[in-house]
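Position 1 is the first residue of the sequence; numbering continues from there.
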Amino acid sequence: MDIEAVKAYLTGLQDRIVGKFTELDGKPFLRDSWERPEGGGGVSRLVEEGNLLERGGVSFSHVLGAKLPASASAHRPEIAGRPWEAMGVSLVFHPRNPYVPTVHMNVRCFIAQKEGADP
């Protein structure tokens with residue numbers, strides 16, 4: 001799997017969603033980058049009190065771990081204890097219009113590394 005290609009697609013997806021809603025709403029999203037002490041990080045994009053959205057957020061995350069938890073490998077024991085990566089885009093939109101539904105969406109990619117690989 002080309003991890004950099006997946007990351008580029010997901011960060012591009014975040015940019016396209018934020019760009020379109022900035023264009024439609026007229027209010028820019030704030031940007032907050034963060035890091036995870038165990039490895040990885042992400043970028044959260046937020047808007048409040050917009051013209052269309054009361055509140056909205058579009059987040060990208062790419063996190064790493066040294067060892068899969070037992071729950072993640074319960075049905076696939078051959079991957080137990082391997083390093084892992086997970087990345088994705090999550091969004092939540094709360095529109096101002098009470099007749100427009102709230103939107104929740106998650107797109108995720110989970111990768112168990114080959115045995116002996118570093119995360």
So does Glu48 pair up with Arg55, basic N to acidic O under 4.0 Å?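 Salt bridge present between Glu48 and Arg55.
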Any salt bridge between Glu4 and Lys7, counting N to O under 4.0 Å? no
Separation between [atom1] of [X] and [atom2] of [Y], rounded to the nearest 0.5 Å:
{"X": "Asp32", "Y": "Ser59", "atom1": "CG", "atom2": "OG", "result": "9.0 Å"}
{"X": "Ile3", "Y": "Ile111", "atom1": "CD1", "atom2": "CD1", "result": "4.5 Å"}
{"X": "Leu53", "Y": "Lys27", "atom1": "CG", "atom2": "NZ", "result": "10.5 Å"}
{"X": "Thr102", "Y": "Glu54", "atom1": "OG1", "atom2": "CD", "result": "8.5 Å"}
{"X": "Asp15", "Y": "Thr22", "atom1": "CG", "atom2": "OG1", "result": "10.0 Å"}

If we ignore hydrogens and angles and just use 3.5 Å, is the side chain of [X] paired with the main-chain N or O of [Y] as donor and acceptor?
{"X": "Arg76", "Y": "Ala72", "value": "no"}
{"X": "Asn51", "Y": "Gly26", "value": "no"}
{"X": "Gln14", "Y": "Val43", "value": "yes"}

Please tell me if the side chains of [X] and [Y] come closer than 4.5 Å, counting only heavy atoms from C-beta onward.
{"X": "Asn106", "Y": "Val89", "answer": "no"}
{"X": "Phe60", "Y": "Ser44", "answer": "no"}
{"X": "Trp84", "Y": "Ile79", "answer": "no"}
{"X": "Ile17", "Y": "Met105", "answer": "yes"}
{"X": "His62", "Y": "Leu64", "answer": "yes"}
{"X": "Val18", "Y": "Phe29", "answer": "yes"}
{"X": "Glu85", "Y": "Val63", "answer": "no"}
{"X": "Arg108", "Y": "Met87", "answer": "no"}

Looking only at non-hydrogen atoms, find the nearest pair between Val47 and Pro28 and report the distance. CG2-O, 3.8 Å
Heavy-atom closest pair (Pro77 atom, Ala74 atom, distance to 0.1 Å) is CD-O, 4.4 Å
Arg45 to Phe93, cation-pi by 6.0 Å centre distance and 45° axis angle: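 No - Arg45 does not lie over the ring of Phe93 by the 6.0 Å and 45° rule.
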Run the salt bridge (charged side-chain N to carboxylate O under 4.0 Å, His left out) check on Lys67 and Glu38 step by step: do they pass? CA-CA 11 Å; Lys67 184 178 176 184; Glu38 297 84 4; over 6 Å; no
In terms of hydrophobic clusters joined by side-chain contacts under 4.5 Å, are Leu13 and Leu46 together? no
If hydrophobic clusters are built from ILVMFWY residues whose side chains come within less than 4.5 Å, do Val58 and Leu30 share one? no
Kindly check if the number of other-residue, nucleotide or ligand heavy atoms within 6.0 Å of NE2 (His104) is above 12?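 Yes, the 6.0 Å shell around NE2 holds more than 12 heavy atoms from other groups.
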How about Glu35: does its CD atom have over 12 heavy atoms from other parts shown lying under 6.0 Å from it? no
